[in-house]
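Heavy-atom basis, side chains included; hydrogens, waters and symmetry copies ignored.
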Amino acid sequence: MSEEVKEIQEQETDLVLNEELDTKVTHTYDDSDIQVLDGLEAVRKRPGMYIASTSAKGLHHLVWELVDNGIDEAMAGYASTVTVTVDQNNIVTVEDDGRGMPTGMNEKTGKSTIETIYTVLHAGGKFGGGAYKVSGGLHGVGASVVNALSEWLEVSVFHDGSIFYIRFENGGHAVEPLKVIGKCDPAKHGSKVSFKADPTIFTETTVYDHETLRDRLRQLAFLNKGIRLVFNDEREEKEEKRHHEFMYEGGLKEYVKFLNKNRTAVHPEIIYSEGHDKGIQVEVACQYNDGFNPNVYTFCNNINTVEGGTHEEGFRMALNRIINKYARETNVLKDKDDNLTTDDCKEGITAIISVKHPDPQYEGQTKTKLGNSEVRKIVSDIFGTQLERFLMENPDQAKAIMEKAALASQARMAAKKARELTRRKSSLEISSLPGKLSDCSSKDASICEIYIVEGDSAGGSAKQGRDSHYQAILPLRGKILNVEKARQHRVFENAEIRSMITAFGCGFMDEIDVSKLRYNKIVIMTDADVDGSHIRILLLTFFYRYLRPVIEQGHIYIAQPPLYKAQKGNTVRYAYTEQQMERLREEMGDRLSVQRYKGLGEMNPEQLWETTMDPKNRTLIRVNIDDAEKADQYFSIMMGEEVEPRKNFIIEKAKFAELDI
Ligand code: 28F
């Protein structure tokens with residue numbers, strides 16, 4: 001959960017290098033040295049224009065930029081391995097066994113090509129569609145940006161038995177020109193870059209996250225079959241964590257297997273297709289599991305296109321077309337039956353769609369939606385042909401898939417009835433607001449908050465303690481339904497879920513309209529114990545599956561009730577973590593009376609207001625899903641049938657004490 005839940009303060013925006021900057025690059029390219037350095041200075045002055053942020057996310061982008069360059073060299077067929085090493089001081093080294101960057105001079109700049117690549121924004125034919133670079137859209141900002149944002153950076157190239165070397169310092173100045181510093185085995189070849197992120201720029205942290213690096217390197221290995229990605233984390237004490245190697249000959253086939261490992265597959269083999277057309281490479285893999293939610297991840301040039309786009313549309317078109325065709329041919333659908341919908345065909349599917357495009361166009365709010373229209377048909381043709389072939393050649397597996405889609409269709413029709421009921425109710429406006437809801441008096445959604453509270457007694461305290469002008473309280477009785485294990489119509493029959501949907505007022509699923517949300521903040525307030533965190537996860541699962549845009553747009557929060565109350569004489573203070581309690585003990589000395597809160601119900605209304613609901617004192621954690629794959633894994637593990645992976649997951653995550661899982 002730690003990846004999904006971030007402090008409110010940490011709001012990050014992904015920024016794509018815009019056209020304007022690209023134009024500027026062309027000008028500076030052959031201009032004088034001073035202007036070249038101006039470019040790097042501009043990066044240092046406004047780093048947010050070139051990388052996502054200067055928080056942890058931006059820090060990691062430095063690594064991805066260099067890794068992308070190594071992967072490009074491997075994809076071009078010259079390198080087999082890209083290695084990332086993080087040392088004790090968080091100095092990162094990225095190395096590949098490719099041809100080695102060109103060691104000659106650049107005519108226009110009068111400097112070596114390497115110095116040019118590392119000091120001129122977007123220099124090098126690799127960028128801007130010139131040569132073979134297909135990766136890097138979101139963070140494809142060029143090696144010079146990494147240099148600009150490093151305290152120092154060193155490049156070594158191994159080529160023809162010589163080691164070429166150059167070092168940059170002070171905002172990207174070469175200390176000396178490129179030179180040969182020694183000999184190496186003539187058989188050795190490749191590029192190696194080490195850098196130290198500049199702490200005056202990355203003021204929040206210059207410490208890399210092991211899991212973030214490991215997971216992305218693994219993902220890159222799935223997305224680029226046959227390339228070996230090695231991760232050495234010299235900061236780790238445990239031997240098994242210090243070294244990771246990822247290489248998947250099966251590519252996306254192995255990615256789907258990996259994602260479905262905690263799920264029960266409906267058919268044994270993974271449906272796989274690949275091909276290319278008009279210079280666009282397409283790879284698709286999918287497999288159905290016995291769950292009800294689809295998990296479809298799409299990529300363009302190794303970037304997760306979170307908002308989908310034309311490659312996903314092509315996939316959906318083919319899935320719908322071929323499954324309906326096969327269902328008709330095998331009489332699963334009779335003449336009188338309607339076609340299966342795309343949602344029917346997608347129920348329980350895990351699918352990865354990856355395209356490599358020489359000139360990708362990104363659209364959407366976060367520029368993570370692929371827009372190139374030719375991609376639609378190309379993906380649809382390549383995947384469609386091979387899906388049809390799979391069904392023909394594997395009649396038993398095809399039968400299992402047809403049954404799954406047919407069941408989904410029946411359930412959809414039942415769900416439609418239940419939803420219409422829910423919807424009719426919610427359209428009756430105020431009179432139909434759930435009886436348990438203590439609404440606020442303001443109708444200005446931008447200031448309104450709704451607290452979803454576990455249990456009637458805590459609900460009572462919250463109701464008395466709140467500021468009823470803008471705070472509404474909705475108490476929940478007992479556990480809410482696990483939507484991960486229930487089909488849609490069961491979900492909409494559930495009383496607690498209906499109450500929430502009616503209270504929120506914004507609809508749900510495909511008919512959601514976040515602008516109709518009646519509250520700007522939806523705050524989950526549960527006990528700080530195991531049951532409380534279970535209820536929280538159930539609620540988040542429901543929001544994730546049925547109200548995802550509400551999460552994406554940042555309306556979901558988790559309240560932080562205190563764990564302890566410490567009192568000495570007239571002084572009362574609260575601690576929200578064990579560490580805070582330790583500190584309080586030190587500050588307040590002995591003869592302290594300490595109360596450990598077991599539940600919200602133990603607090604009187606004033607205390608609950610003061611500690612957890614009053615904007616002046618409270619801490620709210622904004623729920624932020626920035627990685628759908630992780631969230632899916634998380635929910636499927638926490639909510640799924642299999643006990644063993646859940647146990648392991650809890651152990652693995654137990655160190656995040658604040659999560660209290
Ligand atoms: C540490 C990360 O950056 N590897 C790289 C190459 C190889 C070439 C290259 C890179 C050519 C035209 C600029 C070699 N020989 N790993 C890396 N490996 N860049 S970066 O060329 C640079 C461009 O302008 C390379 C022949 N062609 C290309």
### Message
When you measure from the side chain of Asn89 to the backbone of Ile91, do you find a donor-acceptor pair of N or O atoms at a distance under 3.5 Å?
### Response
no
### Query
For atom NE2 of His276, is the number of surrounding heavy atoms from other residues, nucleotides or ligands below 6.0 Å larger than 12?
no
### Task
With rounding to the nearest 0.5 Å, note down the distance linking SG in Cys286 to CD1 in Ile271.
4.0 Å
### Min side-chain heavy-atom separation Leu59-Tyr208 under 4.5 Å
yes
### Summary
To the nearest 0.5 Å, atom CG of Leu319 lies from atom CZ of Phe383 at 5.5 Å
### Query
Hey, are Glu234 and Asn232 close enough side-chain-wise for a donor-acceptor pair under 3.5 Å?
no
### Query
Is there a donor-acceptor contact under 3.5 Å linking the side chains of Asn295 and Lys346?
no
#### Entry: Aromatic plane relationship, Phe222 with Tyr255 - under 30° parallel, 30 to 60° tilted, over 60° perpendicular
parallel
### Message
I want to check a possible cation-pi pair here: Lys367 against Tyr362, using under 6.0 Å from ring centre and within 45° of the ring axis as the test.
### Response
no
### Query
Between Arg321 and Ser380, does a side chain to side chain donor-acceptor pair (under 3.5 Å) hold up when you go through it step by step?
CA-CA 9 Å; Arg321 184 177 73 241; Ser380 174; 2.9 Å; yes
### Query
Could you go step by step and tell me if Thr305 and His311 meet the side-chain contact (heavy atoms from CB on, under 4.5 Å) rule?
CA-CA 10 Å; Thr305 33; His311 47 353; 2.8 Å; yes
### Ile556 and Val550: CA distance, side-chain angles, deciding distance, side-chain contact (heavy atoms from CB on, under 4.5 Å) verdict
CA-CA 7 Å; Ile556 310 280; Val550 178; 3.8 Å; yes
### Task
Before accepting this row, confirm whether a basic side-chain N of the pair Arg376/Glu313 lies closer than 4.0 Å to the acidic partner's carboxylate O.
yes
#### Entry: Sidechain N-carboxylate O distance under 4.0 Å for Lys377, Glu374
no
### Task
Calculate, to the nearest 0.5 Å, the distance between atoms CD and OG belonging to Glu115 and Ser144 respectively.
12.5 Å
### Query
Do Leu213 and Val86 touch side chain to side chain, with heavy atoms closer than 4.5 Å?
yes
### Query
For the residue pair Leu66 and Ala143, what are the closest heavy atoms and their distance?
CD2-CB, 4.4 Å
### Message
Salt bridge check, Lys225 against Glu249: does any charged N sit closer than 4.0 Å to a carboxylate O?
### Response
no
### Message
Please report the interatomic distance CD(Glu552) to NE2(His555), rounded to the nearest 0.5 Å.
### Response
11.0 Å
### Message
Set out, in order, the CA-CA distance, both residues' side-chain angles and the distance that settles side-chain contact (heavy atoms from CB on, under 4.5 Å) for Thr93 and Val84, then state yes or no.
### Response
CA-CA 6 Å; Thr93 301; Val84 176; over 6 Å; no
### Message
Under a 3.5 Å threshold, yes or no: a donor from one side chain and an acceptor from the other, between Thr350 and Asn260?
### Response
yes
### Message
Just so I know, are the side chains of Val43 and Leu121 near enough to count as touching, which here means a heavy-atom distance under 4.5 Å?
### Response
yes
### Close side-chain approach of Trp64 to Leu217, heavy-atom, < 4.5 Å
yes
### Message
Is it the case that the side chains of Thr103 and His159 hold a donor-acceptor pair, with the cut-off being a distance below 3.5 Å and no angle test?
### Response
no
### Query
Can you find a pair of side-chain heavy atoms, one from Glu73 and one from Arg99, that are under 4.5 Å apart?
yes
### Donor-acceptor contact below 3.5 Å, side chain Asn372 vs main chain Asp359
yes
### Query
Taking atom NE2 of His60 and atom CG of Asp209, what is their separation to the nearest 0.5 Å?
5.0 Å
### Message
The test is side-chain contact (heavy atoms from CB on, under 4.5 Å); show your working for Tyr78 and His189 and say whether it passes.
### Response
CA-CA 10 Å; Tyr78 299 103; His189 49 89; over 6 Å; no
### Heavy-atom donor-acceptor pair, Asp96 side chain to Lys192 backbone, under 3.5 Å
no
### Backbone N/O of Met101 and side chain of Ser191: donor-acceptor pair under 3.5 Å
yes
### Query
Does Lys241 offer a backbone N or O that forms a donor-acceptor pair with the side chain of His244 under 3.5 Å?
yes
### Non-hydrogen atoms of Val92 and Val94 that approach each other most closely
CG1-CG2, 4.1 Å
### Query
Between the main-chain N or O of Glu274 and the side-chain N or O of Gln386, is there a donor-acceptor pair closer than 3.5 Å?
yes
### Task
Please determine if Glu307 and Arg548 form a salt bridge, counting it only when a charged side-chain N lies under 4.0 Å from a carboxylate O.
no
### Query
Just by distance, do the side chain of Asp87 and the backbone of Asn90 share a donor-acceptor pair under 3.5 Å?
yes
### Query
Charged N to carboxylate O under 4.0 angstrom, Glu154 versus Lys196?
no
### Task
Count the heavy atoms of every other residue, nucleotide or ligand shown that sit under 6.0 Å from CZ of Arg242, and state whether that count exceeds 12.
yes
### Query
For the residue pair Tyr118 and Phe168, does the interplanar ring angle fall in the parallel (under 30°), tilted (30 to 60°) or perpendicular (over 60°) class?
parallel
### Message
Using the rule given for salt bridge (Lys or Arg N to Asp or Glu O under 4.0 Å), can you reason through Glu169 versus Arg167, listing the C-alpha separation, both sets of side-chain angles and the distance that settles it, and then say yes or no?
### Response
CA-CA 7 Å; Glu169 284 177 9; Arg167 179 179 164 97; 2.7 Å; yes
### Student check: side-chain heavy atoms of Trp152 and Ser194 closer than 4.5 Å
yes
### Query
From Arg216 CZ over to Leu229 CG, what is the distance, rounded to the nearest 0.5 angstrom?
10.0 Å
### Message
Would you say that more than 12 heavy atoms from the other residues, nucleotides or ligands in this model lie under 6.0 Å from the CD of Glu107, or not?
### Response
no
### Ionic contact status for Glu245 with Arg228, cut-off 4.0 Å
yes
### Query
Salt bridge check: are Arg44 and Asp198 linked by an N-O gap of less than 4.0 Å?
yes
### Query
With side chains defined as the heavy atoms from C-beta onward, is the minimum distance between Gln219 and Phe299 less than 4.5 Å?
yes
### Cation-aromatic face contact Arg214/Phe231, 6.0 Å, 45 degrees
no
### Query
For Thr298, does its backbone N or O pair with a side-chain atom of Asn304 as donor and acceptor, under 3.5 Å?
yes
### Message
Has Asn106 got a side-chain atom pairing as donor or acceptor with Lys108's backbone, closer than 3.5 angstrom?
### Response
yes
### Query
Are any non-hydrogen side-chain atoms of Ile71 and Asn302 less than 4.5 angstrom apart?
yes
